[in-house]
Each structure stands twice: as C-alpha cells, then as structure tokens.
**Student:** 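What follows is a single structure, and I will ask about it in a moment.
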Amino acid sequence: MTEIVPVARAFEPAGLGQELSVRGWVLRSRSSGGILFLQLRDRTGTLQITARRDALGEPAFAAAEHVQIEGAVRVRGTVAEDRRAPGGRELRAEEITVIDAGAPFPIFQDQTEEFLLDQRHLAVRSQEHVAMWRLKASLLRAFRRFFDAEEVLEVTPPILTGNAAEGGAEAFRFDYFGRPGYLSQTAQLYLEALLAPNERVYALTPSFRAEKSRTPRHLTEFMHLEVELAWCDLDGLTDFIERMLVSVLHEIAERSGRELELLGRPPSELLSIVAPFPKISYESAVDRLRSQGFDFAWGRDLGTAEERALTLESRSPLFITRYPRETKAFYMLQSPDDPRTVEATDLLGPEGYGEIVGASCRETSIERLTEQLRARGVDPAEYDWYLDLRRHGNVPHAGFGIGIERLLRFVTRREHIRDTTPFPRTPSRHTP
Ligand code: 4AD
Ligand code: MG
C-alpha cells in the first residue's frame, strides 16, 4: 500500500503523475455512466477523485457509488491534470476502500436556521463553520503570542465558585454540597489574587451569564479572555488594550486571510485599524446621543441601541470612559475628581457592533468596597477573602475582559453571535 498523504500533496508541483493514497470525507458525489466523481475533503483541502467502472471492477465501483455525503473513504490513484477540476488536478482512482459508507446526510441547501441548530453536531463540518473554527484558533494563538511577548503569565482560575462577582441576578446558581455555588461570570477576582508578584496575568476561561434576553450578542456561555495588570491606571489600561487588539487583528489579517475572505471580511479592513482609538467620556457620549435624538438621562447604562448609534459610522473601535457608578460592578475605582463616576472603560467595536471589552481600574479602599457591596445588597463577609487582598500589598491595578465571540462577531461581520461558536448556548438551547 502506498503511504497515505494529505490531499494538498496532489497540488504540489511534483505531485503530477505520482501515485498516492489519500483519505477523507466525501463532500460531493456524482456518477454518470461508467464514471464516478467524488470531492474528497481532509484537513488540507479538497481533491476531485474520478473512478472508472472498468478500472475499479464492478463490486468496488458499486460500493464507492453508494458512499453518502460525509461518508469516509481511502483512495489510491494517480494524479492527473484536469482543467475542469477544482485546482486543475484530479486523482484517477485505482482502488477505493470504503471506511464508512454513511447514512444519508440530513443537511442540504435552504434549510431553516432552527433545523440547522438542531443538526449542529453535523453542521459544524461545513466550509463556513470550519473557516470560523480555524479563524478562532488563529485569533487565540495571536492573543497568546502577544501575552508571551508582554510577559503576561497565563493562569488557571476555577469555574465553580462561591461568589457571584458580576451581580447575583445573572449568575447560574447550583447546589454545591448544600451551599450555594455559582458558575463563574468572571475570573477577575481570582486574577487579582494571582497578580502578585507576577504583576501581569491572564486567563482564558468559559464565563456564564444567565441572561434571559435573547439578543444577537448574548450567549449564556462564552469564552472570556481576562487580563489583570499591576501598577496600571486608566490611560495605561486603554493603551494596553489598543496595542493588544491592533497586534492580534493584524496578525490574523496576515495569517488567516483565506478564512477572513471566505467569511466576508477583507483582511485589509483589519489592517486599517490602528492605534490610538478615539476615546470619549460617558458624559460626552450622552451629549452625542441626545444630539442624535435619543432621550437619554445621565446615569443610565448604554444599551444595544445606544452603543450601536455611537459607532455605526465608524471604522475604528471607540473607548467610552468614566461611567456612572450605578451602572457598573462593585469593584471599580471611584474617579479621583468625581465620586459619581468610576475609572472604567468599555471598548465598542466599529460598525455598530457594540461592547467588546469591559475594563476598569480596581478600587483599593476596603471601606469603599464594603460600602459598594452593601449598596448592592451583598454581605461583605462573603467577599472576605477578596477584601483580604487589600490588606497585603495593596497596589493600584486594573484589568479587563474581552468576549472572544463578541470580537469574532465583529471580525467576521456576523449578524448573530451564535455563528462564532460551535455549540452556542442561549436561553432556548443547550443541546446538542
Ligand atoms: O463587561 P463584563 O461583564 O466584565 C467583566 O466580567 C469583568 N469582570 C472583566 C474583567 O475586568 N476582568 O464582561 C467582559 C466582556 C464583555 O465586554 C463582552 O465582550 C463579554 O465579556 N461578554 C459576553 N459575551 C457574550 N455573551 C455574553 N452574555 C457576555 N457578557 C459579557
Ligand atoms: Mg460590560
């Protein structure tokens, strides 16, 4: 038996005229008269296989003809030129071994979104889905490369926790051996604990939000990339986020151009995103919204419609800084010159995509932290371990969280965030 090689080998200059064996899944199958055409797919691409009844012999030809879409075969043959075949070459089969003929594949064109979500375990093989999973891997690789270069240490915080750090209402609660347990909404509190003495840490973990709202940008489970930086103020924070995003967006533009093109985002558009990003205060965002006709009171949180209006016409991300205290979490640092606001910033994606990064400086005063917990109806005793961090080497620090799927939604111009994750978790669906 000849050595099994990736299908891409057939398209190398030296491939022509070679005898080789390939294996993979059948993307398309068509037979006419005594010839069978298969499109075979493996991790490296697709290759047209042509098989003649007289070359294969009757029983082998009949078996190959019965292989369904997404069935699996191994093929030995010779690479030949064929101008009509994708890539200009085909493999003329001498032998086809059926590994799994497969049942009739349930997915074909023009099916409803609901049906495709029910069939997600099979739909994830489509060309578009695979491009998305490859792009996502490329994006995570780019982040890790950036953090390595910046000496940010990767750490592994827990998912099961006794604290609902981002607010109790949206935490998934469960019974942890008789005590309340929560699925992590953020790794932040643990990152703050792991900050000293490495000064800069990050974690990539699933985060969970029991948000009942069915919006095109909320998942109940998402990949959360969080960073915590010691000795950092609001300017240092926006500076870091900017450099990080430009670095990863440019890297995927350079390394994953094929996937980006296929998904509808020309890489040049990502290359044109450069630092610094514009920054406006919440205060001036409110003015801007009012001038656009919004009836918006100071103190309210920016919702989907407001965020969209602020960046719809923009090709650059936009930082909104210094939010009213009440719209944000308990741990955010009070602004030095205004007790009504906190040193927080959200980064809104371009083209109306809305919040992609949530960031803030962390409150260092135990008194204020205690006060803010009480104001939210939380017993500070539950956060005693967290408050302890302010008793031992309490230094200024800041951090942020970025939703990987939110970022990908913008990068790939998807209407719905569920397209950016293989098995989307939403209020109406947790299976398959
Ligand atoms: O703004 P959030 O809630 O901030 C935090 O959790 C901070 N503790 C992070 C930190 O400072 N370490 O969430 C951060 C980001 C959001 O900007 C958004 O991109 C994403 O997480 N996110 C979601 N993505 C998908 N579905 C959801 N339901 C999301 N909720 C937040
Ligand atoms: Mg937020």
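Numbering of ligands and ligand atoms starts at 1, following listing order.
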**Student:** Checking only N/O/S atoms, does Glu355 have one that is under 2.8 Å from the Mg ion (ligand 2)?
**Tutor:** yes
**Student:** Do Tyr331 and Gln188 meet the criterion of a side-chain donor-acceptor pair at a distance under 3.5 Å?
**Tutor:** yes
**Student:** Is the terminal nitrogen or CZ of Arg30 (NZ for Lys, CZ for Arg) located under 6.0 angstrom from the six-membered ring centre of Phe37 and within 45° of that ring's axis?
**Tutor:** yes
**Student:** Would you verify whether the NZ or CZ of Arg340 falls within 45 degrees of the ring axis of Trp298 while also being under 6.0 Å from that six-membered ring's centre?
**Tutor:** yes
**Student:** May I ask you to say whether Glu269 pairs ionically with Arg413, meaning some side-chain N is under 4.0 Å from a carboxylate O?
**Tutor:**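 A salt bridge is present here (some side-chain N lies under 4.0 Å from a carboxylate O).
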**Student:** Would you call Glu363 and Arg390 a salt bridge, taking side-chain N to carboxylate O under 4.0 Å as the test?
**Tutor:**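 Salt bridge between Glu363 and Arg390, a charged N being under 4.0 Å from a carboxylate O: no.
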**Student:** Is any NZ, NE, NH1 or NH2 atom of the basic residue among Lys328 and Asp346 found under 4.0 Å from an Asp or Glu carboxylate oxygen of the other?
**Tutor:** yes
**Student:** Would you please write out the protein residues whose heavy atoms approach any atom of ligand 1 to under 4.0 angstrom, listed by chain and number?
**Tutor:** Glu166, Thr186, Gln188, Arg209, Glu211, Arg217, His218, Leu219, Phe222, His224, Glu226, Tyr331, Glu355, Ile356, Val357, Gly358, Arg362, Gly399, Phe400, Gly401, Gly403, Arg406, Ile417
